[in-house]
Structure formats: C-alpha cells, structure tokens
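Here is the structure we will look at, set down as structure tokens.
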Protein chains: 2
Amino acid sequence: MTRDKIAMCAERKQECGCRCGCEVRGFIQPRLLLLLAKKDSHGYELMEALRAIPGAENLADPGMLYRTLRQLEEAEVVQSAWETGGHGPARRIYELTKIGREHLDTWAAEIEKTRTHLGEFLAEYESIAERRSAKPRKRG
Amino acid sequence: MTRDKIAMCAERKQECGCRCGCEVRGFIQPRLLLLLAKKDSHGYELMEALRAIPGAENLADPGMLYRTLRQLEEAEVVQSAWETGGHGPARRIYELTKIGREHLDTWAAEIEKTRTHLGEFLAEYESIAERRSAKPRKRG
DNA sequence: GTCACTATATGCTCCCGACATATAGATGTC
DNA sequence: GACATCTATATGTCGGGAGCATATAGTGAC
C-alpha cells in the first residue's frame, strides 16, 4: 500500500500501477479451472486465454500461472501429461480431475457469495453518495 | 494454499479454515472508508461494526484494523484525534478527509467492475454446469 | 546466425492477512 | 484490594499471493 500509492490512487483514478484496484485473492485458480472445464489445455494457451478475458489480464503472468498449475496438480485438482509430438517445444497438457470439478463448484458458490456482498457494499455506498449530493456542503 | 487445503476445500465445502474462500484483496480499506463516511468513529467501534456485517466478519481483526487505520492516516485518507473525556480508555477518533472521500469513490468504481467480472465468470460457469448435467457421463 | 515466437520454469521482493501477544484504563464483584 | 472482564490501542511473527525479472530451450523465418 504505502502512503504514496494510496494518494496516487485517489488523485489519478487508478491510472497508477498500484494494487488499490479491487481484486479477488487467488482468482487465477477458478479462472484456470473454468478454462480447463471447457477444454484440456497447456500453460501457454491458458495464459493467452486469460489475457483475452476482460478483467483477467493481470492473471496472465507466466510466473503465477505455472506455479499455480503445479500447486493444483500437487493437490490433485488437475493432472498433466507431456505432449511432445506437436510443432514447437513440448507442452504439458492439463486436464481437470473429479476433485477439480468439485473444487470449481466450491469456488463458484464462494464467488456467488462474494458477488452478493459486493452488491450490498455498493448499495450502501450509493445511499451515502446520494445523501452527500443532496447536501453537498456538509463539511468545509 | 498447499495441497491439503485445496483437497479439504473440495471435500468439506468451505468448512475448513483455509483461504480458498473468495475474498477481495484489501477489502478492509473500503469497508472502513464506508463506515467512516457514515459516521466518525474509533478502531474498536469500527471492529465491532465490521463483525456485524455479513461477509465482513473476517475483516474484524484488531491487528489488520489498527495497522490499516495508521496507513490510511499516513496517506491522509483519514485523520484522527484522541478523545480522552469518555468512560473507559482513551479513543482515537477517525474522520474521513477529502482525499478519503475521493478514495472511497475510486474504490466503489473498482468494486463495481469486479462485481461485473464475477457476474461474467458465474454466467460462463453456469453454461458449463448446464452442459455437464445435460450429458453427465462425458468422461469416465 | 540470429531473431522472433512458443513454452516451461525459477528467483526475488513486497505486503496482505491470520494469529498471537502486550499494555492499560475502567468497571464489577467477592 | 485482589481479580476478572470489558474496552481500547498496538506490535510481532509468519505464510503465502502477486508482481517483476530472468533462465532455458525448441522451432521456424530471413
């Protein structure tokens, strides 16, 4: 955070590179699971897919991505196999396991909850904002 | 994360104490700003307020809370003054600054975006889930 | 030969978040 | 008056998510 970053955020309206932007912790996980639920894939392809999703661009970082895939595999949420036949370097093809599909369901339920909570926050914020614009000179 | 935690998540449906639950990074910040936008307050009162908000219970941690308030003050998002007259120990009363109100607006805009993205994720997930239940034995 | 593209992987650092602990004033009670 | 409890603020520690840089290597184009 640090003072500079917060100040920049308020002044420059998110044009700064700071983390004040509202992001869900570990969201790369459900994103990968959803992509893999649609189609078996490999890291590089998943990365490009993430880059193409509005709001998920930040998740398309090779460091995070490959580490996350390894962790998911260690947890038996996905499983992988080398594909050497194709053109270019060998690829590690990932596939969802049964645990993985269940894990995605769990994530979806949690995301639903979070979405509701964000909605409640915004509703409360808007009621404040209305009040503020109704009497704009509340405080000097 | 770790393998155990992921596995527990899938099996026990979030009854475990792990972090797989979907949470917005730094969300204590806008929560505090919104509370302070409604009413000047001190740390302990803010903590109890957070504890009473469904979905914000985890944010009611004194460690996070007091540190965050200090950081916000360092960033001139809030300002504080000691209140010694009351019953009980002295309280540090916090108040939003102009920067703070702007910062809350910025957060609200970001939260709106995030809420939209979560909605898009869920829509995509549900289309997958439908497909899955339509042909349940896709994979052995 | 070297440049760009595809593909996987590791290292480093910051800081959020969880948890534990310290300090101390006020109040109640036995 | 000793002790527990509630109110109130504050610091210490540690794991891990996330951003950024870097390493390695196969392939095709020129």
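Proteins come first, then strands; the chains are lettered A, B, ... in the order of their sequence lines, and each starts at number 1.
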Distance in angstrom units between [X] [atom1] and [N] [atom2], rounded:
X        : N       : atom1 : atom2 : result
Gln71(A) : dT10(C) : CD    : P     : 12 Å
Gln29(A) : dG16(D) : CD    : C1'   : 12 Å
Arg25(B) : dG16(D) : CZ    : C1'   : 12 Å
Leu65(A) : dT6(C)  : CG    : C1'   : 14 Å
Phe27(B) : dA18(C) : CZ    : C1'   : 19 Å
Glu73(A) : dA9(C)  : CD    : C1'   : 14 Å
Glu23(A) : dG17(D) : CD    : C1'   : 11 Å
Asp61(A) : dA21(D) : CG    : P     : 10 Å

Worksheet item: Between the side chain of Thr84(A) and the main-chain N/O of Ala90(A), is any donor-acceptor distance below 3.5 Å?
Response: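 No, the answer is negative, given that no donor and acceptor are paired below the 3.5 Å cut-off.
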
Worksheet item: Under 3.5 Å, side chain of Thr114(B) to main-chain N/O of Glu23(A), donor-acceptor pair present?
Response: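 Pair absent, no side-chain N/O of Thr114(B) close to backbone of Glu23(A).
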
Item to complete: Answer yes when Glu74(B) and Arg70(B) have at least one side-chain N-carboxylate O distance shorter than 4.0 Å, and no when they do not.
Response: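 Salt bridge flag = no for Arg70(B) with Glu74(B).
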
Discussion item. If the threshold is 4.0 Å, N to carboxylate O, is there a salt bridge linking Glu124(B) and Lys38(A)?
Written reply: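 Counted as a salt bridge, because a side-chain N and a carboxylate O are separated by less than 4.0 Å.
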
Worksheet entry | Modelled atom types, side-chain donor and acceptor of Glu73(A) and Ser80(A), under 3.5 Å |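 A donor-acceptor contact under 3.5 Å links the two side chains.
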
Worksheet item: Counting side-chain heavy atoms from C-beta on, which of dT13(D), dA18(D), dC16(C) comes nearest to Met64(B)?
Response: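 Output: dC16(C).
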
Discussion item. Please verify the inter-ring angle class for Tyr125(B) with Phe121(B); under 30° counts as parallel, over 60° as perpendicular, anything in between as tilted.
Written reply: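 Tyr125(B) and Phe121(B): parallel rings.
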
Worksheet item: What about Arg67(A): does its side chain form a donor-acceptor pair under 3.5 Å with the base of dG16(D)?
Response: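 Such a pair does not exist between side chain and base.
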
Between the protein and nucleotides 5-9 of chain D, which nitrogen or oxygen pairs come in under 3.5 angstrom?
from: dT7(D); atom 1: OP2; to: Tyr44(B); atom 2: OH; distance (Å): 3.2
from: dA8(D); atom 1: OP1; to: Arg91(B); atom 2: NE; distance (Å): 2.5
from: dA8(D); atom 1: OP1; to: Arg91(B); atom 2: NH2; distance (Å): 2.3
from: dT9(D); atom 1: OP1; to: Arg92(B); atom 2: N; distance (Å): 2.7
from: dT9(D); atom 1: OP2; to: Gly43(B); atom 2: N; distance (Å): 3.2
from: dT9(D); atom 1: OP2; to: Tyr44(B); atom 2: N; distance (Å): 2.6
from: dT9(D); atom 1: OP2; to: Tyr66(B); atom 2: OH; distance (Å): 2.8

